[in-house]
> 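Below is the structure I would like to discuss, written out as structure tokens.
Computed from a prediction, not measured in an experiment: that's the story for all the values here.
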Amino acid sequence: MAFRPLHDRVLVRRTEEEEKTAGGIIIPDTAKEKPMQGEIVAVGSGARDEKGELVALDVKAGDLVLFGKWSGTEVRLDGEDLVIMKESDIMGIVEAPAKKGKKKAA
């Protein structure tokens, strides 16, 4: 099934949490909290401003984002659990650390 969010909504796939703690203790499913991090699967076309012009979203498919614990609406599409939320529910994009390179002398 193809799904395209409308307006300023995004479709997010939650990332999997670790099954063990750093000390090796296995966490049962009943004690796990839902992850507040996920990957953007699809984005809507954007929101309209006061003039009626389309404003593109800051996120794109493939971005890794952080969002609030209770953000969005959980849905099941093609047997996969996903979350639909507004872009404003996203707190930020997780960026990969920049690789340290040697600076060239001027």
> With heavy-atom distances below 4.5 Å as the criterion, would you say the side chains of Leu57 and Asp8 are in contact?
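Side-chain contact under 4.5 Å: yes.
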> Under a 4.5 Å cut-off applied to non-hydrogen side-chain atoms, are Asp63 and Ile90 in contact?
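A side-chain contact is absent here, since even the closest heavy-atom pair is not under 4.5 Å.
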> For the hydrophobic clusters of this structure (ILVMFWY residues joined by side-chain heavy atoms under 4.5 Å, transitively), does one cluster hold both Met36 and Met91?
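In one cluster: no.
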> Does some side-chain heavy atom of Val75 sit less than 4.5 Å from a side-chain heavy atom of Val83?
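Val83 does not reach Val75 side chain to side chain.
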> Tracing side-chain links under 4.5 Å among I, L, V, M, F, W and Y, which residues wind up in one group with Val94?
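Its cluster mates, by chain and number, are Leu64, Leu66.
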> Do Arg4 and Arg9 make a side-chain contact, defined as non-hydrogen atoms from C-beta onward lying under 4.5 Å apart?
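Side chain of Arg4 against side chain of Arg9, heavy atoms only: no contact under 4.5 Å found.
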> Would you say that more than 12 heavy atoms from the other residues, nucleotides or ligands in this model lie under 6.0 Å from the CG of Asp81, or not?
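Counting other residues, nucleotides and ligands, CG of Asp81 exceeds 12 neighbours.
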> Can you list the steps and then say if Asp58 with Glu87 is a side-chain contact (heavy atoms from CB on, under 4.5 Å)?
CA-CA 8 Å; Asp58 289 329; Glu87 184 188 37; 3.4 Å; yes
> Which atoms form the tightest heavy-atom contact between Val41 and Ala61, and what is the distance?
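Taking Val41 first and Ala61 second, the nearest heavy atoms are O-CB, 3.6 Å.
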> Hey, does Gln37 have a side-chain heavy atom less than 4.5 Å from the side chain of Val65?
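No. Closest side-chain heavy atoms not under 4.5 Å.
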> Does this structure show an ion pair linking Arg13 with Glu80, if we count only N-O contacts that are shorter than 4.0 Å?
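Judged by the 4.0 Å cut-off on N to carboxylate O distance, Arg13 and Glu80 do form a salt bridge.
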> Quick one: does Ile84's side chain get under 4.5 Å of Phe3's, heavy atoms only?
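Side chain of Ile84 against side chain of Phe3, heavy atoms only: contact under 4.5 Å found.
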> Is any side-chain heavy atom of Leu11 closer than 4.5 Å to a side-chain heavy atom of Pro5?
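With C-beta onward as the side chain, the pair touches.
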> Could you grab the distance from atom CG of Leu6 to atom OG of Ser45, nearest 0.5 Å is fine?
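The OG atom of Ser45 is 7.5 Å from CG of Leu6, to the nearest 0.5 Å.
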> Would you tabulate the side-chain donor-acceptor contacts of residues 47-54 under 3.5 Å, counting partners in other chains and residues two or more places apart, or write 'none'?
from	atom 1	to	atom 2	distance (Å)
Arg48	NH1	Gly52	O	3.0
Asp49	OD1	Lys51	N	3.1
Asp49	OD1	Gly52	N	3.1
Asp49	OD1	Glu53	N	2.8

> Does the distance from a Lys or Arg side-chain N to an Asp or Glu carboxylate O, for Lys86 and Asp89, drop under 4.0 Å?
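No salt bridge links Lys86 with Asp89.
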> Take Val12 and Leu82 through the side-chain contact (heavy atoms from CB on, under 4.5 Å) test and state the conclusion after the steps.
CA-CA 6 Å; Val12 179; Leu82 302 166; over 6 Å; no
> How long is the gap from OG1 on Thr15 to CD on Glu39, to the nearest 0.5 Å?
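So the OG1 of Thr15 and the CD of Glu39 are separated by 9.5 Å.
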